[in-house]
Amino acid sequence: MLVHLPVEATPSLLVGVRTYAWLGVDIFFVLSGFLIGTQLFKEVSRTGGVGLKSFYLRRAFRIFPAFFVVLGLYAIFPVLRDAPTMQPVWSFATFTVNFDFDPRVGRAFTQAWSLCVEEHFYLVLPLLVLLLHRRISMGWTLLIAAAMVIAGMILRYTIWESQVGVLVDADKLRDAFAVYLRDVYYPTYTRLDGLMFGAILAAARFYKPELCKRYAPSRVSLPVGAALVVAALVLFSIRGPLAGTNLFLVFQAQLGAVAGFPLISIGIALILGAMLDLEHVLKRLPVPGAVIVATLSYSLYLTHKSVFHVGRLIFGEENLQGGFGFVIYLATSFAAATVLWFCVERTFLLLRDRVLSPSSINLLCQGSADHGLAPLHPRFGTESMGISVSRDRQRGRVDAKIVCQLAELLALGFDACGGFRARRCDRALEKRR
């Protein structure tokens, strides 16, 4: 949200943060890769397979209803669009809009690109886990991951050199920015670093907990991860031929575009691993309002740009500046997200409870408890569900309470950290009793 907030309404304390707020999606990619990877690794180890139907059905009920409601509003009521032009509706509906997404053709609902990347990840990762489980070693996994990182860097270098750089040299900076977004920043095949390193972290901590403890303890992974993040920020700040252009920092020079994304993804993954190890310390530092933000985060993600636009139409852009503008933008965004959550998200999550059998729900509850993926709020804890949570890290079972704190602030509404799962598990267990 912060990255799309008008500068005039951004508090001075957040102006510097806003410059790098676009990196929030990279943080979420790592979190998403870790959480979904952990869930799948646990299931395949316990059952020898992956329940594809159950997995895809849960994701569909979670993602599709609110998304298609908002997409329908964008399509039917042009006044709600945050930009005059919009990509074809079918490209949003098929989650392929992030391929060939040229902002010169349509700029409305641009945030959907990251959801497309997530959907592609949800589609492919369960199949890979099912096919490759017990067929390749951790060494081969790391080798494949390294090859993917190198391939991604080569691809981004080639695209920047052959397409973006040519336009920059010709001083066609606006066109260069559009081509960069279309061919480097948005496509799934150039943005796999965060998701991949998140999944690798999950695999390492689940299958090789002893090696993680020996070679990547928090006293090592935390400073190394922080150093890598700082190094990535330095690369992102080197503007090269873009220096002095006053273009938004998301438009990266060649060095940042090539090496910055894998560097910051590795750093975030290492920091996340350290935070999991330091859970006993960090659990004493609760984040006020995190549960509310977690509950509404997906609806906020979908609606905030349209709400900002409608707010400018109603109040006048010249009146939405400074602290008053910030409060109005924030309040209206949360109001719209609350309506969408109650009317759509909540309804379909309850429907999902009915569609999925109680046995499937119990399996999900036990799987999430085994991994510590319990909601953050005390009354939704695993103990209240009657589930015994193992803390035996030698068997690879991690406590993801701190992951949930991060995900609640940064995720797209990942239901692994919401109160719904706890309530759903309670009801299932009552039926079982």
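Remember, it's a predicted structure, so these values are computed and weren't measured experimentally.
- Judged by distance alone, the side chain of Arg81 and the main-chain N or O of Ala108 form no donor-acceptor pair under 3.5 Å.
- Ring to ring, Trp341 and Phe334 are not that close: their centroids are 6.0 angstrom or more apart.
- Residues satisfying the side chain to side chain contact (heavy atoms under 4.5 Å, CB included) criterion with Glu8, sequence neighbours excluded, are Pro6, Gln321.
- For Arg59 and Tyr122, the positive end sits near the middle of the six-membered ring, less than 6.0 Å away and at most 45° from its axis.
- Listed by chain and number, the residues in a side-chain hydrogen bond (donor to acceptor under 3.5 Å, both in side chains) with Thr188 are Asn98, His120 (sequence neighbours excluded).
- Ring-plane geometry between Tyr301 and Tyr298 is classed as parallel, the angle between the planes falling under 30 degrees on a 0 to 90 degree scale with a further cut at 60.
- Under a 3.5 Å cut-off, the side chain of His304 and the backbone N or O of Ser333 do not form any donor-acceptor pair.
- Listed for the Asp82 side chain is a donor-acceptor partner under 3.5 Å among the backbone atoms of Phe109.
- Residues Ala60 and Pro65 approach most closely at O-CD, 3.3 Å, considering heavy atoms.
- In this structure, CG on Leu302 lies 7.5 Å from CD on Glu345, to the nearest 0.5 angstrom.
- Under the side chain to side chain contact (heavy atoms under 4.5 Å, CB included) test applied with Leu155, the options Val258, Thr190, Ile150 reduce to a single match, Thr190.
- Classification of Arg107 and Asp102 as a salt-bridged pair fails, no side-chain N sitting under 4.0 Å from a carboxylate O.
- Here Phe95 and Phe64 bring their ring centres to under 6.0 angstrom of each other.
- A tilted orientation is assigned to the rings of Tyr186 and Trp113, their planes being inclined by 30° to 60°.
- Partners of Leu320 by side chain to side chain contact (heavy atoms under 4.5 Å, CB included), not counting sequence neighbours, listed by chain and number: Arg312, Phe315, Phe324, Ile328, Tyr329.
- Side-chain atoms of Val179 and Val184, non-hydrogen and from C-beta on, never get closer than 4.5 Å to each other.
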Q: List the steps, then state whether salt bridge (charged side-chain N to carboxylate O under 4.0 Å, His left out) holds for Asp193 with Arg156.
A: CA-CA 12 Å; Asp193 301 279; Arg156 290 190 295 272; 3.3 Å; yes
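- Taking the side chain to side chain contact (heavy atoms under 4.5 Å, CB included) definition, one finds that Pro126 meets it with Leu40, Val50, Leu52, Phe55, Tyr56, sequence neighbours left out.
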Q: Apply ring pair (Phe, Tyr, Trp, His ring centres under 6.0 Å) to the pair Phe236 and Phe251, showing each step before the final yes or no.
A: CA-CA 9 Å; Phe236 289 140; Phe251 183 16; over 10 Å; no
Q.
The test is salt bridge (charged side-chain N to carboxylate O under 4.0 Å, His left out); show your working for Arg205 and Asp277 and say whether it passes.
A. CA-CA 11 Å; Arg205 292 183 67 87; Asp277 291 336; 3.1 Å; yes
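- Of all the heavy atoms in Ile268 and Val229, the pair that sits closest is N-CG2, 4.0 Å.
- A 6.0 Å sphere centred on CZ of Phe248 holds more than 12 heavy atoms belonging to other residues, nucleotides or ligands.
- The cationic group of Arg191 lies under 6.0 Å from the six-membered ring centre of Phe261 and within 45° of the ring axis, placing it in a cation-pi geometry.
- By the 30° and 60° cut-offs, the orientation of the rings of Phe101 relative to Phe92 is perpendicular.
- Residues satisfying the side-chain hydrogen bond (donor to acceptor under 3.5 Å, both in side chains) test with Tyr20, not counting sequence neighbours, are Ser237.
- Side-chain contact between Thr110 and Lys305 is present, with at least one heavy-atom pair separated by less than 4.5 Å.
- No donor-acceptor distance shorter than 3.5 angstrom exists from the side chain of Ser299 to the backbone of Leu296, with no hydrogens or angles considered.
- Here Ala335 pairs with nothing under the side chain to side chain contact (heavy atoms under 4.5 Å, CB included) rule; sequence neighbours left out.
- Note that the CZ atom of Phe67 and the CD atom of Glu119 stand 8.5 Å from one another [nearest 0.5 Å].
- Below 30°, between 30° and 60°, or above 60°: for Phe61 and Phe348 the angle between ring planes is between 30° and 60°, a tilted geometry.
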